[in-house]
Amino acid sequence: MFHGDDGPSHNKVSSVLLSWYASNKRVLPWRDPQGLPTDPYRVWISEIMLQQTTVPTVRGYFERFISRWPSVQDLAKASLDDVLHEWQGLGYYSRAKNLHKCAVMIVEAFDGTFQTAEKDFLSLPGVGPYTAAAIQSIAFNSPSTVVDGNVERVIARLFSLKTPLPQAKAEIHKLAGHIRSEEEPSNYAQALMDLGSSVCTPKAPKCVICPLEKFCSAKKHNPESFPIRQKKKEKPTRRGIFYFIQDDKGRVLLEKRPLSGGLFSGLMALPSEGWDTTDDDPVTRLKIKNIKPLPEKVRHVFTHFSLIAEVRYAESTIAEGVWVFPEALSNYALPTLMKKIFKLTLPETVE
DNA sequence: CAGCCGTGGAA
DNA sequence: TTTCCAAGGCT
């Protein structure tokens, strides 16, 4: 399994890594400054927020979220709309829906206490293999193999893995499990991820200061070329039309996006057509008339496509939907795309 | 498995 | 401007 005497030996790797972490530990809002165990609730919230999201982005969201709902009981009592409002701009909005659902489940089915078994976390919506392992080790200091994007990169480089991602995931998990020790599981998991994010970076890794340099197979060659990834498919461009409809009092027509799934699930948005997977025809449905296009187009990039949004001023007299005064827009959970549009149509009102 | 699901920062 | 990808999970 290991590459002879030059390959990574797990006890050496973990001890070197733990001592590196002891003097390079970053202060983060969800991390106890003294290294004491952190409230599992805080670990859980932070791990959900950190899914595919960077530390600088999460920081502010985490602080606001925790001060508003300091415990899982508080979160369970909150309304989903309030949770989504606190989540607006963070993206992947199903995370907020699942978070709220989990809080209710934990209070009702788990009697308000976090379970200490990884399989219990895995049964929760929005908690997958990474997050379950992270909570297990970080919050309960119990050994578990934590593999995120950082760990994938570190492992791929340590062993110069030729198998491309995502095919290599199983192999990486196996190697990560062999490398890790069962000492200080909480510190070890965070140390490996910190190393990946600050030293063993995707571009221009700082091998000179890396504590694992002497164990690393890729260091001699081209560390930046690992992990090898499958070619990504080209991102298509879609065009959509968004109707900015005001009544005679200046109120804007918003509609709630279906909670069942899709883009911006559960958030408020302008009526639109032509860009998402629905076949909605708002012009007919809302009896839209007097359509006047806005010359500027709004560009927005999603994970799997780019959007060119055309905005059209229009009128409607229907009673359905939610008519909102511009000053009251901040009371609603709005995706970033809507904020971009309102910056053009309501420049005085939007931050 | 591959497509879906947001956004922003870095280079 | 473009490209990458970040403490992933669900279907």
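Lettering follows sequence order; numbering is per chain, from 1. Computed from heavy atoms alone, side chains included, the values below leave out hydrogens, waters and symmetry copies.
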*asked:* What's A:R31 touching, base or sugar-phosphate or nothing? Going by heavy atoms closer than 4.0 Å.
replied: base
*Mind checking A:N98 for me? I need base, sugar-phosphate or nothing, with any heavy atom below 4.0 Å counting as a touch.*
nothing
*Return yes if a side-chain donor-acceptor contact under 3.5 Å exists between A:D111 and A:T113, otherwise no.*
no
*For A:I291, which fellow cluster members are found when Ile, Leu, Val, Met, Phe, Trp and Tyr are connected by side-chain heavy-atom distances below 4.5 angstrom, either directly or through intermediates?*
A:I241, A:Y243, A:I245, A:L253, A:V283, A:L286, A:I288, A:I318, A:W323
*Rounded C1' spacing from C:dG9 to B:dC1 in Å*: 15 Å
*Which residue, A:L50 or A:P125, contacts DNA chain C at a nucleotide closer to its 5' end, judged by nearest heavy atom?*
A:L50
*Euclidean distance, A:S186 OG relative to A:F140 CZ, rounded to 0.5 Å*: 11.0 Å
*asked:* Rounded at 0.5 Å granularity, tell me how far CG in A:L80 sits from CG in A:L99.
replied: 10.5 Å
*With a 4.0 Å cut-off, would you call A:R257 and A:D276 a salt bridge?*
yes
*If a protein heavy atom is under 4.0 Å from the base, mark B; if only from the sugar-phosphate, S; if neither, -; do that for nucleotides 1-11 of chain B going 5' to 3'.*
--SSBBBS---
_On DNA chain C, compare the nucleotides closest to A:L122 and A:L28; which residue's is nearer the 5' end?_
A:L28
_Inter-nucleotide P distance (B:dG3, C:dA7), Å rounded_ = 24 Å
_Distance between C1' atoms of B:dC5 and C:dA6 (Å, rounded)_ = 14 Å
*Report which part of the nucleic acid A:R26 touches: base, sugar-phosphate, or nothing (heavy-atom distance under 4.0 Å, all strands).*
base
*Span that lies between the P atom of C:dC10 and that of B:dG8, in whole angstrom*: 24 Å
_Under a 3.5 Å cutoff, is there a donor and acceptor pairing between the side chains of A:N150 and A:R153?_
yes
_Side chains of A:R299 and A:S306: any donor to acceptor distance under 3.5 Å?_
no
*Can A:R251 be said to sit on top of A:F325's aromatic six-ring, NZ or CZ under 6.0 Å from centre and within 45° of the ring axis?*
yes
*Between A:F264 and A:W275, how do the two ring planes meet: parallel, tilted or perpendicular, split at 30° and 60°?*
tilted
_Range on DNA chain C touched by chain A, heavy atoms, distance below 4.0 Å_ = C:dC5 to C:dC10
